[in-house]
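Reviewing the structure listed below.
In listed order, ligands and their atoms are each counted from 1.
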Amino acid sequence: MKRIGVFGGAFDPPHVAHAALVKAALAELQLDELRVVPTGEAWHKTRTLSPALHRLAMAQLAFAELPRVVVDPRELERVGPSYTVDTLREFKALWPTAEFFLILGEDQAQALPSWHDWQEILQLAIICVATRACSTGAGAKFDLETTHKSRFRRLLMPALNVSATDIRARFAAHLSVADMVFEPVARYIAHHHLYQTA
Ligand code: ATP
């Protein structure tokens, strides 16, 4: 049975914790393939995201070199809000016998009950959670994880205190982001004058 990981995000910009998550998921879950899916219209983010073209290009720079990783533009091409359940349904139709693993940072996993058709998400994929240093109650089990124990897994990667929010603010303030984003992504940001204001 093919094992496929699905990792969605704004990737505005992609950073070292995203890459660490991808590597941990590939190794720990023995994935045949991992689809990195930049979100189109993020219904759950209050800020306007950078244009799709830039986020896709940065995701390709950050992830495409990793073995077994495919950057998948389907949510950027879809009209209307990006719902993870739609993406999982599409994947299920493409690979009906595959097993799916949805990879989430703890903050997103805790918010899962607010997601569109979250019960179906739990049926379609095993939820694999990475501890996030800055999450409320980091590392502690949350309600859904307790009530739906068999549908959750924890990734063993150490928590990294890095966020895209912080990186955007650092770019705007002309502070170093050397340990937070990979060099090609940093060059892309500078070249396209992204994140000039926080
Ligand atoms: P922002 O600060 O703009 O909200 P972000 O850093 O959370 O962005 P996203 O692109 O929104 O990055 O995140 C994509 C996925 O990666 C989400 O599931 C998120 O929880 C996870 N993630 C991001 N940063 C980390 C981190 N430091 N540790 C664990 N998971 C993370």
- Counting heavy atoms under 4.0 Å, the part of A17 that contacts ligand 1 is side chain
- Does the N or O separation between L160 and ligand 1 drop below 3.5 Å for any pair? yes
- So the atoms of ligand 1 within less than 4.0 Å of a heavy atom of G8 turn out to be 14 (C), 15 (C)
- Would you say the side-chain atoms of R35 pair up with the backbone N or O of I4, donor to acceptor, closer than 3.5 Å? no
- Task: Consider ligand 1: state whether an atom of it lies below 4.0 angstrom from any non-hydrogen atom of D107.
- Result: yes
- With atoms numbered from 1 as shown, which atoms in ligand 1 lie under 4.0 angstrom from a non-hydrogen atom of L104? 18 (O)
- Could you say whether the N/O atoms of G9 and ligand 1 ever approach to under 3.5 Å? no
- Per-atom contacts of ligand 1 with R168, taking only distances under 4.0 Å to non-hydrogen atoms: 3 (O)
- Can you say whether the rings of H54 and Y188 are parallel (under 30°), tilted (30 to 60°) or perpendicular (over 60°)? perpendicular
- Side-chain donor/acceptor of R74 to backbone N/O of T87, under 3.5 Å: no
- Look at the aromatic rings of F7 and F11 and report parallel, tilted or perpendicular, splitting at 30° and 60°. perpendicular
- Mind checking whether P14 has a heavy atom under 4.0 Å from ligand 1? no
- Message: If the cut-off is 4.0 Å to any non-hydrogen atom of T165, which atoms of ligand 1 fall inside it?
- Response: 1 (P), 2 (O), 3 (O), 4 (O)
- Message: Among R132, Q108, E106, which one puts a heavy atom closest to atom 5 (P) of ligand 1?
- Response: R132
- Item | Distance-only polar pair, side chains of R55 and T39, donor-acceptor under 3.5 Å | no
- With distance as the sole test, does D32 use its side chain to make a donor-acceptor pair with the main-chain N or O of K2 at under 3.5 Å? no
- Check: F11 N/O within less than 3.5 Å of ligand 1 N/O: yes
- For R154 and V129, indicate whether the former's side chain and the latter's backbone hold a donor-acceptor pair under 3.5 Å. no
- Item | Element-labelled atoms of ligand 1 that are located less than 4.0 Å from some non-hydrogen atom of S163 | 2 (O), 6 (O)
- Query: Would a distance-only check, ignoring hydrogens and angles, find a side-chain to backbone donor-acceptor pair under 3.5 Å from E28 to L156?
  - Reply: yes
- Expected output: side-chain H192 to main-chain L194 donor-acceptor under 3.5 Å: no
- Do any N/O atoms on L21 end up under 3.5 angstrom from N/O atoms on ligand 1? no
- Query: Do any nitrogen or oxygen atoms of R47 come within less than 3.5 Å of a nitrogen or oxygen of ligand 1?
  - Reply: no
- List every atom of ligand 1 that sits less than 4.0 Å from any heavy atom of F7, numbering the atoms from 1 in the order shown and giving each element. 15 (C), 16 (O)
- Item | Side chain R151, main chain L122, donor-acceptor under 3.5 Å | yes
